[in-house]
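We name chains A, B, ... by the order of the sequence lines, and we start the count at 1 in each one. Heavy atoms only: backbone and side chains are in, while hydrogens, waters and symmetry mates are out.
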Protein chains: 2
Amino acid sequence: MDNQLLSFTEENYLKIIYLLTERHNGNEVSTNQLAEHTQTKAASVSDMLRKLAEKNYINYRKYQGVTLTEAGEQIALGVIRKHRLWEVFLVEKLGFGWDEIHDIAEQLEHIDSKELTKRLDDFLENPKFDPHGDPIPDAKGKMPSVSYQKLSEIALNQSVVMMGVSVHSPAFLQHLDKQQINLGCGLKVLEISDFDKSYSILLDGKTTIFVSNEVAKNLLVSIDE
Amino acid sequence: MDNQLLSFTEENYLKIIYLLTERHNGNEVSTNQLAEHTQTKAASVSDMLRKLAEKNYINYRKYQGVTLTEAGEQIALGVIRKHRLWEVFLVEKLGFGWDEIHDIAEQLEHIDSKELTKRLDDFLENPKFDPHGDPIPDAKGKMPSVSYQKLSEIALNQSVVMMGVSVHSPAFLQHLDKQQINLGCGLKVLEISDFDKSYSILLDGKTTIFVSNEVAKNLLVSIDE
DNA sequence: ACAAAATTTTAGACTAATCTAAAAATATAT
DNA sequence: ATATATTTTTAGATTAGTCTAAAATTTTGT
Ligand SMILES: [Mn+2]
Ligand SMILES: [Mn+2]
Ligand SMILES: [Mn+2]
Ligand SMILES: [Mn+2]
């Protein structure tokens with residue numbers, strides 16, 4: 001529409017490189033990691049990396065992994081912005097659950113129209129976070145910095161607010177739904193079991209629930225002031 | 001998402017075959033017509049027709065043109081349904097003009113999720129027509145039959161209602177906007193000029209406007225009862 | 001430090017969708 | 001009816017993205 005510089009596939013590679021780099025605190029992403037996340041083989045990834053490097057979207061030294069160039073990062077942030085805006089649309093306007101939206105957003109994130117993105121953003125009242133608590137990059141391609149902590153790193157009896165999840169699988173999200181753990185909930189760790197490191201948590205100052213260590217590691221929270 | 005049986009490209013061919021067949025009252029569509037509408041060359045169309053015939057989406061006799069099979073028609077109607085629903089969304093929810101939406105809908109029509117289409121339909125309150133007056137096929141793949149007439153075929157002084165357009169170019173739609181000719185307007189042909197066959201029209205029983213013969217041929221109306 | 005293991009790249013092949021040029025079929029026009 | 005023009009199909013290439021198998025490079029373990 002506006003100017004389809006990149007293919008669907010190239011956009012996906014750049015987006016995944018961005019997200020993996022972020023997850024590794026800025027360290028290079030390896031060929032095998034990309035193969036896993038693109039559902040392809042390492043050989044295919046090597047080919048694509050050569051192409052993206054040629055177009056100056058990535059910094060690539062053979063065998064050494066990749067990072068995004070400024071140009072590549074802007075593309076990636078544009079795709080992530082659309083992905084997260086569409087997720088807000090699907091939940092807020094169409095009533096989908098947060099466990100049902102990712103695969104649809106994977107398609108919608110490639111719709112190419114600056115004007116559409118702008119109007120969608122306004123229609124949604126310029127949300128700053130998606131339904132999983134992930135920040136939405138602004139129209140200028142700037143990702144808001146957020147600093148959440150894992151619930152598993154929070155001191156006992158410290159009141160915190162549930163802000164996000166570090167795993168987006170439907171199974172995990174449905175598990176949280178069942179326990180009524182939602183974004184914005186108040187949480188306080190009362191006790192960690194010596195036996196299996198599972199957590200007793202006071203939810204919204206009212207009910208006590210029990211979650212596994214695995215769950216506690218994937219809940220992102222911020223200190224409640 | 002649900003089951004991506006067909007490529008983006010195959011879906012486009014089936015949609016275009018449907019729309020051209022409809023326009024020709026059920027007559028076969030030729031290779032050259034398809035080449036024109038798919039923005040490709042006749043040789044490419046021949047290849048694709050062989051493939052679509054093999055998959056039983058079209059009836060194809062070499063050199064004789066094509067029609068859709070029942071299976072092909074269902075695919076085409078599904079794509080057209082999505083196209084028109086998204087156009088309603090873009091106009092009714094995001095405030096786009098009817099001249100700005102087609103190219104965006106060309107992309108959105110390929111988003112694959114039954115559940116999304118269903119929820120979008122409900123969100124839009126199950127519209128029966130798109131912003132150009134074209135009927136929206138239902139979820140079962142049935143196209144509502146509508147019988148509009150060209151304004152150019154209507155008797156003098158017969159009151160009619162503006163129901164649709166047979167050309168969707170932004171230039172034509174913007175031209176109608178400028179003259180305040182919108183869907184639902186009341187129209188009555190007062191006179192046809194002997195000189196250039198242009199029309200004097202009473203708009204909404206209030207103002208008199210003048211439109212070219214070309215415009216009158218592309219306005220679809222129904223008798224006002 | 002060096003052999004073994006793991007990772008990454010290259011080589012060569014395949015599919016989908018496209019193209020140009022040439023051949024085949026159909027339509028048209030005297 | 002037959003030559004000419006038009007349309008359509010086929011033949012042979014090309015590009016993007018993928019694959020498997022083999023070669024090259026880096027990492028690991030003793
Ligand atoms: Mn997502
Ligand atoms: Mn998300
Ligand atoms: Mn349209
Ligand atoms: Mn339309």
Value in whole Å for how far the [atom2] atom of [N] lies from [atom1] of [X]:
X      : N       : atom1 : atom2 : result
L34(B) : dT7(D)  : CG    : P     : 14 Å
E28(A) : dT8(C)  : CD    : C1'   : 15 Å
N12(B) : dA16(C) : CG    : C1'   : 15 Å
K41(A) : dT18(D) : NZ    : P     : 12 Å
F8(A)  : dT18(D) : CZ    : P     : 11 Å
L52(B) : dT18(C) : CG    : C1'   : 15 Å

If you apply the rule side-chain hydrogen bond (donor to acceptor under 3.5 Å, both in side chains), what do you find for D99(A) with H168(A), and how did you get there? CA-CA 8 Å; D99(A) 57 315; H168(A) 295 68; over 6 Å; no
Would K93(B) pass as a cation-pi partner of F123(B), given that its NZ or CZ must be under 6.0 Å from the six-membered ring centre and within 45 degrees of the axis?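 Yes, cation above the ring, under 6.0 Å and within 45°.
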Test: E153(B) and K217(B) ion pair at under 4.0 Å: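 Not counted as a salt bridge, because no side-chain N and carboxylate O are separated by less than 4.0 Å.
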What distance separates L68(A) CG from N56(A) CG, expressed to the nearest 0.5 Å?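 Taking CG in L68(A) and CG in N56(A), the distance rounds to 12.5 Å.
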Could you tell me if H102(B) and E106(B) have a donor-acceptor pair between their side chains, going purely by distance under 3.5 Å?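 Yes - a donor-acceptor pair under 3.5 Å links their side chains.
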When you compare the side chains of H110(A) and Q107(B), does any donor N or O come within less than 3.5 Å of an acceptor on the partner?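 No.
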Summary of protein contacts for nucleotides 1-6 of chain D, nucleotide by nucleotide, where a base hit scores B, a sugar-phosphate-only hit scores S (4.0 Å, heavy atoms): ------
Could you encode protein contacts along nucleotides 9-16 of chain D as a string, one character per nucleotide from 5' to 3', using B for base contact, S for sugar-phosphate-only contact and - for no contact, with a heavy-atom cut-off of under 4.0 Å? BB-----S
If the cut-off is 4.0 Å, is N32(A) near the phosphate of dA6(C), judged by side-chain N/O to OP1 or OP2?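 Indeed not, no polar side-chain atom of N32(A) lies that close.
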When you measure from the side-chain N and O atoms of Y13(B) to the phosphate of dT18(C), is any distance below 4.0 Å, counting only OP1 and OP2?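 Yes, because at least one side-chain N or O of Y13(B) sits under 4.0 Å from OP1 or OP2 of dT18(C).
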Anything under 30° is parallel, anything over 60° is perpendicular, the rest tilted; go ahead and classify W86(A) against W86(B).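 Correct class here is perpendicular.
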Check for me whether the distance between the ring centres of F8(A) and Y13(A) falls short of 6.0 Å.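 No; Y13(A) has its ring centre 6.0 Å or more from that of F8(A).
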Sorted by first residue and then second, give each salt bridge (Lys or Arg N to Asp or Glu O under 4.0 Å) pair with at least one member in residues 55-78 of chain A; sequence neighbours left out.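 Qualifying pairs: E10(A)-K55(A).
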